[in-house]
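One structure is given here, and the rest of the page talks about it.
Because the structure is predicted, anything quoted here is derived from the model rather than measured. Lettering follows sequence order; numbering is per chain, from 1.
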2 protein chains.
Amino acid sequence: MKSLEKAQPVRTLAKAPLLRGLSAEALEEVAAKATEKKVRAGGTLFREGEPASALYLMLEGRVKLTQVAADGHEVILRFVGPGDAVAALALFGDAAYPVTAGAVSDSVLMAWHRDVLQELFQHHPPLAVNAMRLLSERLREVQERFRELATERVAQRIARALLRLVRQVGRRVEGGVLIDLTLSRQDLAELTGTTLYTVSRVLSEWEGQGILESGRAKVVVKRPHALVAIAEDLAPGTEGRVEGRG
Amino acid sequence: MKSLEKAQPVRTLAKAPLLRGLSAEALEEVAAKATEKKVRAGGTLFREGEPASALYLMLEGRVKLTQVAADGHEVILRFVGPGDAVAALALFGDAAYPVTAGAVSDSVLMAWHRDVLQELFQHHPPLAVNAMRLLSERLREVQERFRELATERVAQRIARALLRLVRQVGRRVEGGVLIDLTLSRQDLAELTGTTLYTVSRVLSEWEGQGILESGRAKVVVKRPHALVAIAEDLAPGTEGRVEGRG
DNA sequence: CCCCGTCTTTGCGCCAGCGCAAACAAGACG
DNA sequence: CGTCTTGTTTGCGCTGGCGCAAAGACGGGG
């Protein structure tokens, strides 16, 4: 359908939420002040706790933002792709990155150093406004997930995570929507605050019900509405329903 | 110790993170454009989902920010007090408040309407910078709590919640530090993603160990370091320790 | 084309935490 | 000063989800 999915960087740039509303000249100036950064799959863009030196904008690839607990337990905060900004929060107040950014696939990013950015923000107000918008969007989303984690059970959270991924990186394929990134059971567990075993069991169950198909680090959602029903804790009709929460 | 805790609004204003760095004149102008708003204990400042019309700065009292799940399950995101801004995120991008703000005690706030605020932001750059700083601080904190909720067990999370509250609203009293707000078991449960029963059991245990004293909606922490040890999952010495996570 | 590393599945036992129910405590209020 | 409301404690039984262990399955690299 969309044949321009992998268009020129410039094209992507104008569409990036961070840069939206900038005039062509402004865009050019802003772009001129950026450095290009490449990270191979498996590589790390920056680590949690490092001094926050730059703001990034993704052009290609996929990056995973994680936090790790003292005991090594890892949590995935989000995946970012082309057009998304990374470390938008790091440029104000916080001296250190609060997350680790690791490339899931070979990635190309634009980088603006802290100082350069301050200057750009002054000259181009829309930039600051966009950054705030992004921050607030992020905050809203994390709060929502926090609430989910606090109040919902595992199956619901996994359903929601899958639905978000479908929206974010879903690609229509025959028979359903493919979540277009390498997504292991472990990844899903770290997204939803559970274990890979539980994720595996839940997905097996859903596969048996024809809700999705999954393989090695791959998920194709066949009946999104069924996931919605699970996420919202509605009685799924044919299956055993749960009354209340107890 | 600090006899000016309940000083004049003006004094508080200059200290508010949101207004820091503003010149005296700027401060005056900003203050002049604000409306005063009062909410009685138990009243509601705004509700989740309502169109976000204003940014608030607390002068007196205490407000609780909550989200509620579809099934009525409630989650407390944070408590805010004098000097704190409320709904800092609502003014950009988001049309609706993502949380409900309810007064825990009689509260007085300054309010700036959306439109006024846009204008103020333009005229007073530090204001925008401060707002971003606040947003990023908030984001960082929620992310941290998200990770905790995903990886830590209940006792750890309760310990952390208490430590945060001690830092935020702790008041030295004889024999320990009083958490200076009405804090029921239910509240603690909603802060940490558990149930009031479990909170009660955990607090009873800790009371037995002399770590704290608690009464009706009241907690006095006697040995904060013990809570730290629990939060960090260190062996508490005399008590049974847990190896790993299993 | 086969081997090896990685990912996945599933049986099994276990326990942290849940949530009802019921008794109890402490302020609030007339 | 007694009653009422609201919060707290605790026994009890239950189960969702954990995590080990071991057996598949997939697929990339040599």
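Computed from coordinates, the B/K218 NZ to C/dG27 P distance equals 8 Å when rounded to whole Å. Going from atom CD1 of A/I230 over to atom P of D/dG16 covers 15 Å, rounded to whole Å. Taking atom CD on A/Q156 and atom C1' on D/dG17, their separation rounds to 14 Å, with Å as the unit. If you take CD of B/E207 and C1' of D/dT10, they are 14 Å apart, rounded to a whole angstrom. Summarising the geometry, the separation between CD1 on A/I158 and C1' on C/dT8 is reported as 14 Å, rounded to the nearest angstrom. Atoms OH (B/Y197) and P (D/dT9) sit 13 Å apart, rounded to a whole Å. Between the CG atom of A/L196 and the P atom of D/dC18 there is a distance of 10 Å, given to the nearest Å. Atom pair B/R185:CZ and C/dG19:P shows a separation of 18 Å (rounding to whole Å applied).
The residue B/R216 sits close to a base: some heavy atom pair falls under 4.0 Å. A/S200 comes within contact range of at least one nucleobase, with a heavy-atom separation under 4.0 Å.
For B/S204, the listed nucleotide lying nearest its side chain is D/dT10; candidates were D/dC18, D/dT10, C/dC18. In the set C/dT10, C/dC18, D/dG17, the nucleotide with an atom closest to the side chain of A/V154 is D/dG17.
Residue pairs meeting the side-chain hydrogen bond (donor to acceptor under 3.5 Å, both in side chains) criterion with at least one member in residues 164-182 of chain B, sequence neighbours excluded: B/E144-B/R164, B/E148-B/R164, B/R171-B/D180.
At a cut-off of 3.5 angstrom, the base of D/dG17 holds no donor-acceptor pair with the side chain of A/R157. The base of C/dG11 lies close enough to the side chain of A/R201 for a donor and an acceptor atom to sit less than 3.5 Å apart.
Where B/Q186 and A/G193 meet DNA chain D, the nucleotide closest to each residue was compared, and B/Q186 sits on the side nearer the 5' end.
Residue A/L188 comes nearest to A/A161 through the heavy atom pair CD2-CB, 4.2 Å, listed as atom of the first residue, atom of the second, then distance.
The existence of a salt bridge linking A/R145 and A/E152 is excluded, since no basic side-chain nitrogen approaches an acidic carboxylate oxygen closer than 4.0 Å.
Using a 4.5 Å heavy-atom cutoff, the side chains of B/E213 and B/E207 are in contact.
Residues forming a salt bridge (Lys or Arg N to Asp or Glu O under 4.0 Å) with B/R40 (at least two apart in sequence, or on another chain): B/D106.
Although no hydrogens or angles enter the test, the distance criterion places a donor-acceptor pair under 3.5 Å between the side chain of A/Q156 and the main chain of A/A231.
The phosphate of C/dC18 has OP1 or OP2 within less than 4.0 Å of a side-chain N or O from B/T195. Phosphate proximity of D/dG16 to A/T198: absent, as no side-chain N or O sits under 4.0 Å from OP1 or OP2.
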Q: Would you check, one step at a time, whether the test side-chain contact (heavy atoms from CB on, under 4.5 Å) holds for A/W206 with A/I158?
A: CA-CA 11 Å; A/W206 290 346; A/I158 297 176; 3.8 Å; yes

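Rounded to 10°, the angle separating the first-five-pair axis and the last-five-pair axis of the helix from C/dC1-D/dG30 to C/dG30-D/dC1 equals 40°.
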